Protein chains: 2
Amino acid sequence: MNLSKTKILQPIQKKLGSTNIILVGMMGAGKTTIGKALASSLDKEFVDSDHEIQERTGVKIPVIFEIEGEAGFRKRESEALLELSQKRNIILATGGGAILNPENRQLLKRSGIVIYLRASVNDLYRRTRHDKNRPLLQTQNLYARLNELYVQRDALYRETAHVIIDSGKQGVRFLVQKLINKLISIDFNTIMQGDQSNIMQTIMVDFTPSAEKRSYPIHIGHGILQHIDLIVSCLPQKRVAIVSNSTVAPLYLEKLQTALEKQGVRTMPIILPDGETHKNWETLNIIFDALLKNHCERNTTILALGGGVVGDLTGFAAATYLRGVPFIQIPTTLLAQVDSSVGGKTGINHPLGKNMIGAFYQPLMVLADSATLNTLPDRELRAGLAEVIKYGLIRDPAFFDWLEQNMHRLLARDPVTLNEAIQRSCENKAEIVAADEKEKGIRALLNLGHTFGHAIENGMGYGVWLHGEAVAAGTVMAAELSRRMKLISEADVQRIRKIFIQAGLPVVAPEMPAEKYLELMLLDKKVESGKTRFIVLNRIGEAVMRADITPAVLNETILACMTE
Amino acid sequence: MNLSKTKILQPIQKKLGSTNIILVGMMGAGKTTIGKALASSLDKEFVDSDHEIQERTGVKIPVIFEIEGEAGFRKRESEALLELSQKRNIILATGGGAILNPENRQLLKRSGIVIYLRASVNDLYRRTRHDKNRPLLQTQNLYARLNELYVQRDALYRETAHVIIDSGKQGVRFLVQKLINKLISIDFNTIMQGDQSNIMQTIMVDFTPSAEKRSYPIHIGHGILQHIDLIVSCLPQKRVAIVSNSTVAPLYLEKLQTALEKQGVRTMPIILPDGETHKNWETLNIIFDALLKNHCERNTTILALGGGVVGDLTGFAAATYLRGVPFIQIPTTLLAQVDSSVGGKTGINHPLGKNMIGAFYQPLMVLADSATLNTLPDRELRAGLAEVIKYGLIRDPAFFDWLEQNMHRLLARDPVTLNEAIQRSCENKAEIVAADEKEKGIRALLNLGHTFGHAIENGMGYGVWLHGEAVAAGTVMAAELSRRMKLISEADVQRIRKIFIQAGLPVVAPEMPAEKYLELMLLDKKVESGKTRFIVLNRIGEAVMRADITPAVLNETILACMTE
């Protein structure tokens, strides 16, 4: 055995002892590949339950399905799992459907650290489409089938797992290292006893191979701002400028500075005035002046510690200072954690329109500590929920259902529920951004409710309505527009209104002349050849962009939405 | 024959008649591949002189070299060319060394349109390193050999050619189309009689396949601003904003607007105050205000018509308006044509430093019309020459020699000489930028003389010294520093001083305390960990970045350069 390997792995091997590691996830998520590599790294035995079943029966799995049906196979699978769970010191890769049986789920959870290797339907499709050894996939429309399986199983994998890892487009070695880092950082005793609030989850924003260098992780968890190594390990120079505002700085700045300085990182705080009205050139210049006066260099990293305004301003400053320096997002509001900190949209407002000046510029990392939400005013928490609900509406119907059921827990700031909401929001956002960084296509769907919403914010005066509040009312307007276009039913609209009311958000548009709405909406960045384009709903869980909206329908929609 | 093909090619076939097309260029430039494809497109016969020689002798060329030596082969080559030149209606690919013989050069020039397929040494190396059929390349150090051949032959190819096409990294179909477009645009009678001033040359800034979408052409020629189709054909929307300044607009704006409007393009002028002192946020906001008030959209293209300040401001506005809109550079000063318009560096000044705020953002196209230099004040023409000389110093010794010989023609504004200087400068810049878009490496070499130069500009007050003047004095300082580091000789320094004096540029640094110089240089964007890094010369034609310069040497250099 090679010396350096021993040296690196000792702590984690010691910590793990003979604990089993169990991999669950969809077919194509990489359970076998990652499992084998992990077994070799940790010096454990690798076991594949499907393989065991084949060994025992002497035939391939498709044959078992043909002779005994799925039920017969599932029975054999449960038997095999029961036997394998007696073993110690193994890495166990389970079949994709193993978690369908509630007893199996309980069994696995008790038998080791369960890791859910999550992959998007797109990635699964890419990896499995040529595979003939998977009986459930022998169907005409593989993508639709995978999607169906995913919707059915994702919640079960989550329920079973202690740790969730996004397998994304990363290579095996990278993923194994990520998994080991995760195992190092978590407390086995706590999670085996069921407290999941302090587990950190990581989601990758994975750009295509050609833009791979811009890919970056989003770390999500309760209290993870204390894991200062997450930040220190990715700094190109042991020097940072921390941009925050007068509200957030007193809460978290000193602690962050002290922790960084302890690790030998020079820090320099830059405090901005708080509020959307300050998202302008003058405030941006406060950052530039400080960076220049302190001779910050191309390798100096800028940390954005605060909500959406701090993140957008800091990101734009980082994009343009010396034509681009590294930056890290540390969002402290729900809105920033689920939306604005992810995806690289940065910018400032212009008197004639919101976010009119800016850049697409990706951070090195996003660190979303849900514990910081404890200090967030109720009104801002609710505003953030508007963007969370948006993901359910535009592309994730299962998440929408989950939100309906868990809204009260979110409002009560239950850490596990908050973590899950942030995580599922970021998963959706990361997939969209990776597919369409510069908003040439599907990324525009994230603007559901925003064309109306921006008009409300601007028309009422920036800061009077919070962004999330305007988006809530704007989304109800978009739903109402969709209904008038005969895309969704009145019942759908009522369901949408209801979830926003549940979240304590406004669902009635403020009084403004319809002409004023129309005029303000012409400032939208989606306008093409003088025509405003709108994101509308085909159904709850599917959005689409449409340019064929008549002024009459638009007018009616606006008027209808200004009354309850 | 396919109808659409007939339709597309008729005009060019008609124009060409039975005129021959002759391809010259280095081995590996693509003469055979392009020649065959061109012959098929234009319905002409393809002839390869090397192939003819092999046919006649019955043996492969390496055998001829072995038996008769290079001289024997060259004799057979001249005979073959003489015979082939009697033919009509052919595409002739010549051997790489055919142009070594002055009689061959004259012969080829008379026998058809001669096209030089130019490729960089890097590209040639990539394409030829596995080829065993080329006797002159059977050497240990292929790259060095190619470089040597290139330096020896490039000027001869240029002398022979009527048209130069950069073969770059483009595919065959693209290159053939580019060649046909070029043939359509030029006047055969004029060029066959030797007036090359109105030929347009095109150089590609070719990014790697992963960033291919950002690749773009630089068109160079005398009077090409009249070819309005060049602009119109690449607009995503028939609408442009034209940014210019109060000096340039009266000269060229109306003509450009009229020509565009004639083609159905809506135009909107934005006139900025002239001068480096206006390269700031206030002026940038003049552009933003106009774009927003006129509802310019994500597809509206912004044209920058003017010098470096207009180009930098407009480029930065385009990079950040709605997070990025298309833009085109139409540089009207020598400095902008040879340097600032190419490569995507955009930005504004900050009271604490030049170009401190900005972005890397590539244009759709650069259109450099050397006829616009006729209205340029002498002082600005000379300032532009400082950046031209820079290319010779940092990487192109043959160009430096050429500049020493042709400086008087450049100062007399001879169109052909100006075109060649712009073209060779842009070739150098395009190669560097394509290899290192974001200045992580070799692009920094373009900063030769700029660390000192920026200190001079800033110290004297922006606009007092022109940028090119400061770069001239700064380059002499960098040369002096290189000499003190024992990299170049006193004779080299004198040769460098002499060419700047020839160009009418300052070679003595202005009087400022050395401490002031040092303080201002700390604002340089190349500073890393508090250490200023300098570009110095290993020899004339080779620059390198060094961080190991002692304060003592720097101090001595500054003091020495403030006196004649």
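What you see is a predicted model, and the numbers here were worked out from it, not measured in a lab. No hydrogens, no waters, no symmetry mates; every other heavy atom, side chains included, goes into these values. Below, chain A is the first sequence line, B the second, and so on; all start at residue 1.
- For A:Phe316, the part sitting under 4.5 Å from any heavy atom of chain B is the side chain, from C-beta outward, and nothing else.
- When heavy atoms are compared at a cutoff of 4.5 Å, A:Lys238 does not approach chain B at all.
- Using a 4.5 Å cut-off between heavy atoms, B:Ile348 touches chain A through its side chain atoms alone.
- Checked by atom type and distance alone, the side chain of B:Tyr462 pairs as donor or acceptor with a backbone atom of B:Lys354 at under 3.5 Å.
- Salt bridge absent: B:Arg443 and B:Glu437 never bring a charged side-chain N and a carboxylate O closer than 4.0 Å.
- For B:Thr300, no part lies under 4.5 angstrom from a heavy atom of chain A.
- Ranked by heavy-atom pairs under 4.5 Å with chain A, the list B:Lys293, B:Met356, B:Gln237, B:Glu297 is led by B:Glu297.
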Start with the C-alpha gap between B:Glu457 and B:His467, add the side-chain angles, then the distance that decides, and say whether side chain to side chain donor-acceptor pair (under 3.5 Å) holds. CA-CA 7 Å; B:Glu457 275 184 274; B:His467 176 66; 2.9 Å; yes
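- Comparing A:Ile357, A:Asn355, A:Asn285, A:Asn299 by how many heavy-atom pairs each has under 4.5 Å with chain B, the most go to A:Ile357.
- A salt bridge links B:Asp339 with B:Lys390: the closest approach of a Lys/Arg side-chain nitrogen to an acidic carboxylate oxygen falls below 4.0 angstrom.
- With a 4.5 angstrom heavy-atom cutoff, A:Asp289 touches chain B via backbone and side-chain atoms both.
- Using cut-offs of 30° and 60° on the angle between ring planes, the pair A:Trp281 and B:Trp281 is parallel.
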